[in-house]
Amino acid sequence: MRKKLDELFAQDGKVMSFLYRMGELILLNIVFLISCIPVVTIGSALTSFYYATIKSIRRERGAPIREYFGSMKRTMKKGILLVLELAAWFGLLYLGRRYSQVNERTHMVTVYNVLMLLSAAVAVYVFPVLSRFEMKLASCWKLAFLMCIRFFPYTAVIMAGTAGIAWLLFYILPMPCILFIPGLWCLGITFMMEHALLCYMPKPEEGQEDAWYYETGKPDKGTRMKKGFFSARRQSSQRDGPEKNQET
């Protein structure tokens, strides 16, 4: 019994490994929150947060902070543009909804509410898409839209969970919880988001079977993208892949 406990609590045991990963996740969470302070960097921060969480925390490839800032450097420009586009779009929707509300056009208020909800659903996917693929912004939006519709159950869970956690952090949980709750939720999202992303990954080339973004290394995972309406192969290259510097 004592031998099992010693193995469990050893430096390379399961308990210490878990605590080490949780410590890394908390540190990553703090860096993410600091990166969001300039506001316009929120897009790149979300992209990098997801990227570092899935690659370093869950798949244990590379150092989380190094991967985070590496992703920030690659995605800063596109991340800022995505945030500006989202801000402009939601601003227009809000003004249209407000105008309709003032003029008592109830049916139009409903239309704007639906558009806001759909836009939020698309935004759920656009930053993970940016973290995984090198593609033009128009292609990012297109793929994010298709994913939010195709994987509607995931979309509903992620949106409801995010809204619920935000409510808890603002009204129920003590303020220090913000130092680790977002990171835990991001880690939870990866289990759903990765399944969706894998459906649009191209078939792994020779030597890529064990790449971290294919998870199990099964080459048949990527073949499903041929059955969809959107081919990521034609639009992009994977980050960290053999063509990671290619811009299309």
Side-chain angles (χ1 to χ4, degrees), residues 21 24-25 28 31-32 43-76 78-79 82 122-137 139-148 150-151 154-155 158 183-248:
R21 287 297 169 188
E24 287 186 320
L25 186 60
L28 185 62
V31 172
F32 162 71
S44 182
L46 286 169
T47 300
S48 304
F49 195 29
Y50 180 86
Y51 177 84
T53 299
I54 181 61
K55 182 178 181 180
S56 297
I57 303 299
R58 187 174 157 196
R59 305 280 169 77
E60 301 184 2
R61 306 288 184 93
I65 302 303
R66 185 180 65 223
E67 297 296 342
Y68 180 89
F69 284 111
S71 177
M72 284 281 286
K73 183 178 180 181
R74 290 193 301 269
T75 63
M76 181 64 74
K78 289 184 178 179
L82 285 176
V122 175
V124 163
Y125 290 91
V126 73
F127 297 110
V129 166
L130 180 61
S131 77
R132 182 59 48 85
F133 301 109
E134 292 274 4
M135 56 172 59
K136 294 180 180 179
L137 291 183
S139 297
C140 284
W141 287 118
K142 180 181 178 181
L143 181 54
F145 175 77
L146 291 173
M147 290 173 69
C148 87
R150 180 178 179 182
F151 300 97
Y154 293 165
T155 306
I158 293 173
L184 290 175
W185 180 234
C186 182
L187 181 62
I189 287 175
T190 64
F191 290 91
M192 295 175 281
M193 191 63 69
E194 284 304 299
H195 175 73
L197 289 171
L198 279 171
C199 291
Y200 296 92
M201 296 283 285
K203 185 177 180 180
E205 299 175 1
E206 185 178 355
Q208 284 187 310
E209 292 81 1
D210 294 326
W212 68 267
Y213 38 80
Y214 284 111
E215 189 175 20
T216 60
K218 294 180 180 179
D220 60 332
K221 286 279 188 179
T223 59
R224 288 178 293 174
M225 52 81 71
K226 297 179 180 179
K227 300 178 181 179
F229 295 102
F230 185 92
S231 171
R233 180 190 295 276
R234 299 172 186 171
Q235 303 291 336
S236 69
S237 60
Q238 299 133 249
R239 297 197 182 279
D240 293 349
E243 300 175 331
K244 63 181 179 180
N245 294 321
Q246 178 181 342
E247 290 286 346
T248 58

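Computed from a predicted model, the values in this text were never measured in an experiment. We're numbering straight along the sequence, starting at 1.
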Legend entry - Worked check of side chain to side chain contact (heavy atoms under 4.5 Å, CB included) between Phe69 and Val31: CA-CA 9 Å; Phe69 284 111; Val31 172; 3.7 Å; yes
Inset, instruction - Mind checking the CG-CZ spacing from Leu130 to Arg74? Nearest 0.5 Å is all I need. - result: 9.5 Å
Legend entry - Non-hydrogen side-chain atoms of Ile189 and Tyr154 separated by less than 4.5 Å: no
Inset, instruction - Rounded to the nearest 0.5 Å, what's the gap from OG1 on Thr47 to CZ on Arg132? Could you check? - result: 12.0 Å
Legend entry - From Lys55 atom NZ to Ser48 atom OG, the distance as rounded to the nearest 0.5 Å: 12.0 Å
Legend entry - Minimum heavy-atom distance Tyr50-Ser131, with the two atoms named: CD2-OG, 3.4 Å
Legend entry - Tyr125 vs Thr155, side chain to side chain donor-acceptor pair (under 3.5 Å): CA-CA, chis, key distance, verdict: CA-CA 9 Å; Tyr125 290 91; Thr155 306; 2.8 Å; yes
Inset, instruction - Would you tell me whether Tyr68 and Ser56 have side-chain atoms, one donor and one acceptor, within less than 3.5 Å of each other? - result: no
Inset, instruction - Please work out which of the three classes, parallel, tilted or perpendicular, describes the rings of Phe151 and His195, given edges at 30° and 60°. - result: perpendicular
Legend entry - Value rounded to 0.5 Å, distance of CE in Met201 from CD in Glu194: 8.0 Å
Inset, instruction - Answer yes or no on whether Arg58 is positioned over the face of Phe191, meaning its NZ or CZ is under 6.0 Å from the six-membered ring centre and within 45° of the axis. - result: yes
Inset, instruction - Would you name the heavy atoms of Leu184 and Leu25 that are closest together and state the gap between them? - result: CD2-CD2, 3.8 Å
Inset, instruction - Work out which heavy atom in Leu187 is nearest to a heavy atom in Thr53; give both atom names and the distance. - result: CA-CG2, 3.8 Å
Inset, instruction - In sequence, state the C-alpha distance, the side-chain angles, and the governing distance for Tyr200 and Val129, and then conclude on side chain to side chain contact (heavy atoms under 4.5 Å, CB included). - result: CA-CA 10 Å; Tyr200 296 92; Val129 166; over 6 Å; no
Inset, instruction - Kindly determine whether Ile54 and Tyr213 satisfy side chain to side chain contact (heavy atoms under 4.5 Å, CB included), including the steps that lead there. - result: CA-CA 9 Å; Ile54 181 61; Tyr213 38 80; over 6 Å; no
Inset, instruction - Return the minimal non-hydrogen interatomic distance between Phe133 and Leu197, and the atom names on each side. - result: CE1-CD2, 4.2 Å
Inset, instruction - Could you please spell out the steps behind the side chain to side chain contact (heavy atoms under 4.5 Å, CB included) verdict for Phe145 and Val126? - result: CA-CA 8 Å; Phe145 175 77; Val126 73; over 6 Å; no
Inset, instruction - Working to the nearest 0.5 Å, report the span between CZ of Phe127 and OG1 of Thr75. - result: 10.0 Å
Legend entry - Interatomic distance, Leu82 atom CG to Leu137 atom CG [nearest 0.5 angstrom]: 5.0 Å
Inset, instruction - With the side chain counted from C-beta on, respond yes when Val124 and Met193 share a heavy-atom pair under 4.5 Å apart, and no when they do not. - result: yes
Inset, instruction - Kindly say whether Met135 contributes a backbone atom to a donor-acceptor pair with the side chain of Lys78 at under 3.5 angstrom? - result: yes
Legend entry - Electrostatic pair Glu67-Arg59, nearest N-O below 4.0 angstrom: no
Inset, instruction - Could you tell me which non-hydrogen atom of Cys148 sits nearest to which non-hydrogen atom of Val122, and how far apart they are? - result: SG-CG2, 3.8 Å
